[in-house]
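A short worksheet on the structure shown next.
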Amino acid sequence: MLKKILHYFNLLSLNVVLGAVLSSYMFWRLPDGSGTPDVPSLILLGLTTWIIYILDRLLDIKVYPENPSERHKFHAEHQYNLSVLLVVLSIIAAVLCFFIPKAVFYFGGFLSLGLLTYFFVLNKFLKNTKMQWLKEPTTAICYCLAVIGIAYVQHSSINLSAWFLALMFFLIASQNLLVFSYFESFSKDASDNTVDFFGQKTAVRIIRVIGFVVLFLAIFFFSNGWDYIHKIGLLLAIMSQILSFLPAKQRFFLQHDRYRWVGDGVFILPIVLLWL
């Protein structure tokens with residue numbers, strides 16, 4: 001029963017939603033772990049993340065109707081129910097906009113405008129071109145802006161260490177998407193992605209280079225203490241090293257989409273900071 005629940009939890013991308021909320025919560029608590037997160041903003045982040053993922057899957061069905069992956073089949077079979085859910089989530093999200101801080105509201109508004117432009121360009125001009133791979137770096141940028149941005153716009157000042165943590169998180173988000181593209185490239189019906197554009201060997205090198213850069217930043221800037229900001233640096237390094245390891249065991253992580261469980265699961269790791 002639990003296995004089945006977790007399976008649908010993954011198909012619905014709720015693990016991604018949880019990871020986004022926990023990661024944002026981590027940045028809200030900066031600089032010393034005593035920062036107070038705005039609960040409505042975190043809930044709204046979770047809702048909008050889920051909305052974007054559902055919308056993205058539904059659009060993928062139209063762009064790549066022949067995609068045989070279980071995730072796409074699930075969304076294709078439940079298009080109507082997911083469309084209704086999309087409307088309900090959008091209404092709840094709209095209501096929550098009246099309960100969040102003004103700075104978060106304005107930031108979210110500009111980001112939403114950028115996302116709408118992105119979806120329009122992607123599906124209007126790039127859907128039948130090899131430029132579809134641009135979807136992944138754009139996703140990493142938007143994801144980080146949402147997760148980190150809603151926390152940082154509430155701070156009166158942001159120190160250099162916090163900016164380095166933001167950079168490390170962006171590198172990890174990019175690394176995560178590249179890892180997913182790497183494993184998806186082994187599918188015979190894989191759609192155009194970053195790995196198709198750069199090649200598998202180059203992609204693995206980039207994944208490892210990102211892991212090295214994040215580890216270097218963690219050691220250089222966040223290894224001389226054990227306060228909250230240093231704990232985040234260490235945690236981000238661990239997250240990146242886990243992602244760097246996945247291509248080394250390609251066959252194992254391809255089975256049962258284990259790479260998805262681990263790749264999305266690393267963003268849930270900030271939950272350990274609640275007890276450290």
Side-chain angles (χ1 to χ4, degrees), residues 4-25 38-100 104-128 132 134-136 138-147 149-150 173 176-177 180 184 191 193 257 260-261 263-264 267-268:
K4 190 174 183 180
I5 292 173
L6 290 174
H7 181 63
Y8 283 110
F9 193 80
N10 180 45
L11 285 177
L12 287 166
S13 300
L14 286 171
N15 49 347
V16 179
V17 174
L18 180 61
V21 172
L22 288 172
S23 296
S24 185
Y25 182 78
D38 182 68
V39 175
S41 295
L42 286 175
I43 296 174
L44 185 57
L45 171 66
L47 290 175
T48 51
T49 301
W50 200 12
I51 288 169
I52 290 168
Y53 266 80
I54 293 174
L55 181 60
D56 184 52
R57 302 300 180 198
L58 294 177
L59 290 173
D60 271 351
I61 294 169
K62 294 182 179 180
V63 177
Y64 304 107
E66 72 286 350
N67 196 314
S69 71
E70 183 181 10
R71 189 178 298 268
H72 284 84
K73 284 181 180 178
F74 173 82
H75 283 75
E77 291 172 2
H78 299 88
Q79 282 187 67
Y80 177 77
N81 292 334
L82 289 170
S83 298
V84 172
L85 176 62
L86 197 63
V87 172
V88 173
L89 292 176
S90 299
I91 293 172
I92 297 173
V95 172
L96 278 173
C97 288
F98 294 96
F99 299 92
I100 61 176
V104 175
F105 176 80
Y106 289 131
F107 176 81
F110 284 117
L111 183 57
S112 297
L113 184 62
L115 279 171
L116 288 173
T117 303
Y118 155 67
F119 273 119
F120 174 77
V121 173
L122 180 70
N123 292 281
K124 185 71 174 178
F125 302 107
L126 303 179
K127 66 178 181 180
N128 294 318
Q132 276 283 318
L134 289 172
K135 172 182 176 180
E136 293 165 34
T138 304
T139 299
I141 293 170
C142 294
Y143 179 78
C144 292
L145 283 174
V147 169
I150 63 169
N176 170 270
L177 289 168
F180 275 45
E184 288 170 357
S191 57
N193 59 30
D257 285 346
R260 287 189 175 276
W261 286 95
D264 289 333
F267 292 98
I268 301 177

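Quick note: numbers below take in every heavy atom, side chains included, and nothing from hydrogens, waters or symmetry partners.
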Applying ring-ring contact (aromatic ring centres under 6.0 Å, His included), name anything that partners F180, two or more places apart in sequence or on another chain. Y259
Under the side-chain contact (heavy atoms from CB on, under 4.5 Å) test, which residues partner A146, sequence neighbours left out? L45, L111
Within this structure, what is the CG-OG1 distance for the pair L177 and T138, rounded to the nearest 0.5 Å? 10.0 Å
Excluding sequence neighbours, so at least two apart, what forms side chain to side chain donor-acceptor pair (under 3.5 Å) with S24? W28
Nearest heavy-atom pair of S13 and Y53: which atoms, and what distance? OG-CD2, 3.7 Å
L6 and W261, any side-chain heavy atoms less than 4.5 Å apart: yes
Side chain to side chain donor-acceptor pair (under 3.5 Å) filter on D38, not counting sequence neighbours, yields S41
Can you tell if the side chain of N176 reaches within under 4.5 Å of the side chain of F267, non-hydrogen atoms only? yes
Applying side-chain contact (heavy atoms from CB on, under 4.5 Å), can you list everything that pairs with I268, at least two apart in sequence or on another chain? N15, L18, L22
Is it the case that over 12 heavy atoms from other parts of the model lie below 6.0 angstrom from the CZ atom of F110? no
Sole candidate of L42, I52, V17, I92 that passes side chain to side chain contact (heavy atoms under 4.5 Å, CB included) when paired with L47: I92
Indicate the atoms forming the closest heavy-atom contact of A173 with C144, along with that distance. CB-SG, 3.7 Å
How close do L44 and A93 get, counting heavy atoms only, and between which atoms? CD1-O, 3.4 Å
Contacts under 3.5 angstrom, residues 80-89 side chains, donor-acceptor by atom type, not counting sequence neighbours:
{"unit_1": "S83", "atom_1": "OG", "unit_2": "Q79", "atom_2": "O", "d": "2.7"}

